[in-house]
Amino acid sequence: MNIVVTGGTGFVGRALCATLSRSGHHIVILTRNAGAVLRVLGTNITAVTWNGRDPGTWEESLQGTDAVINLAGEPIAAGRWTKERKQLIVDSRVNATQLLAHAISRASSRPRVFISASGVGYYGTSPDRRFDERDGPGSDFFADLCRSWEGAALAAQSYNTRVLCLRIGMVLDKEGGALAKMVPPFRAFVGGPITPGSQWVSWIHRVDLVGLIEWVLAHEQIAGPVNVVAPGTVTMKEFCATLGAALKRPSWLPVPGFALRLAFGELASFMTTGQQVIPKVALDNGYPFRYPQLEFALQSLFAGRGSELAL
Ligand SMILES: NC(=O)c1ccc[n+]([C@@H]2O[C@H](COP(=O)([O-])OP(=O)(O)OC[C@H]3O[C@@H](n4cnc5c(N)ncnc54)[C@H](OP(=O)(O)O)[C@@H]3O)[C@@H](O)[C@H]2O)c1
């Protein structure tokens, strides 16, 4: 297949593009930094410059392509949430997705499938509800962001393109994402759960995220929202105990919410609450999870072998 990817230089995109390229697909990455594509992914992959804000000659790369995969967006947890940063988090996702849907609408030979990232934050947070793809959105900042982001992607449905919105949970791999930030205190024997500890963590091994994307590409009957989480959701306390066991370290020093609020402002509320999300579409359609349970996912990452998708 010919596949156009945005955000292909990121934590998820690097692993995805390397795997798709190894499987024989031809990959074009839309990027703000073409040099990074060459540096990180090598010469097998074509880089085309865009800025995620404006139409331009990059639209030609969508002409006649088979699939578009949209992973672009300003990092969510890279710093304190100021008003400007929150706006950038929203705009870099919603505007980029609108641009892509618009470019798809204008292509004379349109992609058959448009896969666009979203997050489990779509559902809002809850201490006791279990959410699947049939549930509606929550009513906080993340839920509003995911609803607008998905709405922008779904616009491409009007042009006979199959659209999938991936409601992604916390992606696990030791070379990036939340896990790379959590590991150092554990290694230094000062690891522990973010309070209250009872909040749900819906997670996915990066191998299964890449696997699920390849799987939805091939399964033409699947469209709409897909929860990209493992079946074995856990509480924060269980997550940290399992991480401690995988690293052979204790999980004992709780991280209090007030300290997080001092450091991260409003972003802290995202870390002290959560949601239990079920991958109903993936399970009902028979996706074979390689890491359905956290214990095996973390052991695969910390049992002495390198990341399976390390680049
Ligand atoms: N990682 C997770 O745990 C997780 C969980 C839920 C949802 N997601 C979503 O999945 C997507 C991929 O996640 P990731 O962890 O791979 O993200 P990432 O490592 O932060 O990479 C995102 C990519 O988006 C592009 N980008 C960054 N800021 C941008 C901006 N202001 N305007 C346009 N493009 C910009 C960059 O590509 P260039 O520099 O090449 O342009 C970057 O490589 C994101 O949308 C994220 O919100 C991730």
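Counting starts at 1 for both ligands and their atoms, in listed order.
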Based purely on interatomic distance, does T31 place a nitrogen or oxygen under 3.5 Å from a nitrogen or oxygen of ligand 1? yes

Examine the proximity of ligand 1 to R93 and report which part, side chain or backbone, both or neither, has a heavy atom under 4.0 Å away. side chain

N or O pair under 3.5 Å between V12 and ligand 1: yes

The protein heavy atom nearest to atom 12 (C) of ligand 1 is L71 O, 3.3 Å

Numbering as shown, the atoms of ligand 1 that approach S118 to under 4.0 Å (heavy-atom distance): 7 (C)

Atom 5 (C) of ligand 1: nearest protein contact (heavy atom, Å): G169 O, 3.2 Å

Judging by distance only, is a nitrogen or oxygen of L30 under 3.5 angstrom from one on ligand 1? no

Using the six-membered ring wherever Trp is involved, compare the ring planes of Y123 and F131 and label them parallel, tilted or perpendicular (cut-offs 30° and 60°). parallel

Give the contacting part of A178 toward ligand 1: side chain, backbone, both or neither, where contact means a heavy-atom distance below 4.0 Å. neither

Keeping T195 on the side-chain end and V255 on the backbone end, is there a donor-acceptor pair under 3.5 Å? yes

For A78, is the nearest heavy atom under 4.0 Å from an atom of ligand 1? no

Any heavy atom of G52 sitting closer than 4.0 Å to ligand 1? no

How are the rings of W215 and H219 set relative to one another: parallel (under 30°), tilted (30 to 60°) or perpendicular (over 60°)? tilted

Give me the residue, atom name and distance of the protein heavy atom closest to atom 26 (N) of ligand 1. R32 NH2, 3.4 Å

Looking at Y159, does the NZ or CZ of R110 lie under 6.0 angstrom from its six-membered ring centre and within 45 degrees of the ring axis? no

Passing option when E74 is tested against R93, R85, K86 for salt bridge (charged side-chain N to carboxylate O under 4.0 Å, His left out): R85

D66 side chain to N2 backbone, donor-acceptor under 3.5 Å: yes

Where the side chain of S158 meets the backbone of A155, is there a donor-acceptor pair that is under 3.5 Å apart? yes

When distances are taken from atom 20 (O) of ligand 1, the protein heavy atom at minimum range is P75 CG, 3.9 Å

Under the side-chain contact (heavy atoms from CB on, under 4.5 Å) criterion, do I213 and I69 qualify, and how do the steps go? CA-CA 9 Å; I213 293 177; I69 303 176; 3.9 Å; yes

Please step through salt bridge (Lys or Arg N to Asp or Glu O under 4.0 Å) for the pair R167 and E133, ending with a clear verdict. CA-CA 9 Å; R167 295 179 182 157; E133 290 90 346; over 6 Å; no

Selection from G73, A36, G10 by shortest heavy-atom distance to atom 25 (C) of ligand 1: G73

Ligand 1 versus W149, non-hydrogen atoms closer than 4.0 Å: side chain, backbone, both, neither? side chain

So does K280 pair up with D132, basic N to acidic O under 4.0 Å? no

Polar contact flag, side-chain donor to acceptor under 3.5 angstrom, S23-E214: yes

re atom 32 (N) of ligand 1, the protein heavy-atom contact at minimum distance is S92 CB, 3.7 Å

Which protein non-hydrogen atom lies closest to atom 38 (P) of ligand 1, naming both residue and atom, and how far is it? T9 OG1, 3.4 Å

Is atom 30 (C) of ligand 1 close to the protein, meaning a heavy atom under 4.0 Å from it? yes

Any idea which protein heavy atom is nearest atom 2 (C) of ligand 1, and the distance to it? V171 CG2, 3.4 Å

Neighbour count >12 (heavy atoms, 6.0 Å) for atom CZ, F11: yes

Nearest-neighbour protein heavy atom for atom 19 (O) of ligand 1, which is reported as residue plus atom name and distance: F11 N, 2.9 Å

